[in-house]
There are 2 protein chains.
Amino acid sequence: MTCSMNYAPQLRAQGLRMTPQRKAILHALHHSGGHLSPTQVYELARKEFSSLTEPTVYRTLEYLAEKKFLLAAHVGNGKIVYELAQNQHHHLICHQCGGTVQVEHAPLELLYRQLESSTGYKLDSSHVTFFGLCSDCQS
Amino acid sequence: MTCSMNYAPQLRAQGLRMTPQRKAILHALHHSGGHLSPTQVYELARKEFSSLTEPTVYRTLEYLAEKKFLLAAHVGNGKIVYELAQNQHHHLICHQCGGTVQVEHAPLELLYRQLESSTGYKLDSSHVTFFGLCSDCQS
DNA sequence: TATGCTATTGTAAAAAGTTGCAATAAGGAA
DNA sequence: TTCCTTATTGCAACTTTTTACAATAGCATA
Ligand SMILES: [Mn+2]
Ligand SMILES: [Mn+2]
Ligand SMILES: [Zn+2]
Ligand SMILES: [Zn+2]
């Protein structure tokens, strides 16, 4: 747990408290780098804080995502995964082999403007998931 | 079950069999019109075929979606819902109140072309989910 | 109509995710 | 340091979803 990451001040700024459970969960997400399922977070974070429980993991992930510290994404099936909210991006997933490609936000800007003006919604700029067949799986 | 719907020939054309379980499941989706969760499908379809079981419902929904008879969508949380694959559309969901708006495919065409040429993927044309705040919830 | 192949289903058990509520502890204030 | 407020957690029970495998039943063929 002696790593550069320290979310305590940012949490406090929004009225949230820093707890050993949250430290362990954020730590797991930080060091894994990519997307983690709640089960994976539970397994990893438990190494930092062994008395961690599942309800806490699910609630924390959902809450921190709502507060914009995390991003939730749907990758394929019906599974939800989380990652630290850092750079803005989207996903393109092959529903054959599961292979994923990151997509920049820039090419979506025009579409977003159109949808916002036609629907009145203010769109989130992160984590849209597209599905398709990768070049290998098209044959 | 005396309604116009008859999927048997289409199923057969792909090597799938028509069973009373599948009839009941398709019937439920047909008459409800919109999106149904697996649990909702289970409850509704059981009225047509009372010995239906959960594993069959989950497997059937996933399989029929894979075979393009159904569309799967993620609406908010981590929940997956299904509907009959008919018209091509996408969804825009308010993550505050849950309100949803259908989005035509046309405005996505340009983006799709760009993503296909930049990634080599062939994109699915159905059921992308965007999130945002509806006009009411922006205040 | 009877037969055979195999797609589909049910069973039973486990895994994953959710809920309500009482107990705990973070962190601001005295 | 101690106290207080209340955000956060653990517990226990429950619901939803998944899995492996043996039994069943579509439907093509004769
Ligand atoms: Mn991502
Ligand atoms: Mn839809
Ligand atoms: Zn692929
Ligand atoms: Zn709203």
Any sub-3.5 Å donor-acceptor pair from [X]'s side-chain atoms to [Y]'s backbone N or O?
| X | Y | answer |
| --- | --- | --- |
| A:Asp124 | A:Ser126 | no |
| A:Thr56 | A:Leu52 | no |
| B:Glu54 | B:Thr39 | no |
| A:His31 | A:Leu29 | no |
| A:Thr60 | A:Val57 | no |

Could you go over nucleotides 3-5 of chain C and give all protein N or O partners under 3.5 Å, atom names and distances?
none

Distance in angstrom units between [X] [atom1] and [N] [atom2], rounded:
| X | N | atom1 | atom2 | value |
| --- | --- | --- | --- | --- |
| B:Tyr42 | C:dT9 | OH | P | 14 Å |
| A:Tyr82 | C:dG17 | OH | P | 10 Å |
| A:Leu52 | D:dG10 | CG | C1' | 11 Å |
| A:Leu16 | D:dT6 | CG | P | 16 Å |
| B:Arg46 | D:dT16 | CZ | C1' | 14 Å |
| A:Gln21 | C:dA23 | CD | C1' | 13 Å |
| A:Tyr63 | D:dA7 | OH | C1' | 8 Å |
| B:Gln14 | D:dG26 | CD | C1' | 17 Å |

Between [options], which one does the side chain of [X] approach most closely?
| X | options | answer |
| --- | --- | --- |
| A:Pro20 | C:dT18, C:dA26, D:dC21 | C:dA26 |
| B:Thr53 | C:dA16, C:dT8, C:dG10 | C:dG10 |
| B:Tyr58 | D:dT9, D:dT16, D:dT19 | D:dT16 |

task: Ignoring hydrogens and angles, answer whether the base of C:dG17 and the side-chain atoms of A:Arg59 contain a donor-acceptor pair closer than 3.5 Å.
output: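 Absent.
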- request: Please check if atom CD in A:Gln40 has more than 12 non-hydrogen atoms from other residues, nucleotides or ligands closer than 6.0 Å.
  value: yes
- request: Check the surroundings of atom CD in B:Glu104: do more than 12 heavy atoms from other residues, nucleotides or ligands lie under 6.0 Å from it?
  value: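 Open.
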field: Pairwise 5' ranking along DNA chain C for A:Pro38 and B:Gly15, keeping only the more 5' one
entry: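 Looking at DNA chain C, the more 5' nearest nucleotide goes with B:Gly15.
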message: Please compare B:Met18 and B:Glu54 by the position of their nearest nucleotide in DNA chain C and report the one closer to 5'.
response: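 It is B:Met18 whose nearest nucleotide is closer to the 5' end.
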All N/O contacts under 3.5 Å from nucleotides 28-30 of chain D to the protein, with atom names and distances to one decimal?
| residue | atom | partner | partner atom | Å |
| --- | --- | --- | --- | --- |
| D:dA28 | OP1 | B:Arg12 | NH1 | 2.2 |

- prompt: If you find the nucleotide of DNA chain D closest to B:Thr39 and the one closest to A:Ser51, which residue's nucleotide is nearer the 5' end?
  reply: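 Per heavy-atom nearest nucleotide, the more 5' residue is A:Ser51.
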message: Counting only side-chain nitrogens and oxygens, does A:Thr19 get under 4.0 Å of the OP1 or OP2 atom of D:dT9?
response: yes
query: When the aromatic ring centroids of A:Tyr112 and A:His105 are compared, is their separation below 6.0 Å?
result: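 Aromatic pair counts; centres sit under 6.0 Å.
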Worked verdict on B:His30 versus B:Gln86 for side chain to side chain donor-acceptor pair (under 3.5 Å): CA-CA 11 Å; B:His30 179 70; B:Gln86 293 170 322; 5.0 Å; no
query: Does a side chain donor of either A:His91 or A:His127 reach within less than 3.5 Å of an acceptor in the other side chain?
result: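 Checked: A:His91/A:His127 side chains pair up, N/O donor to acceptor below 3.5 Å.
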query: With a non-hydrogen cut-off below 4.0 angstrom, is A:Thr60 in contact with a base, only sugar-phosphate, or nothing?
result: sugar-phosphate
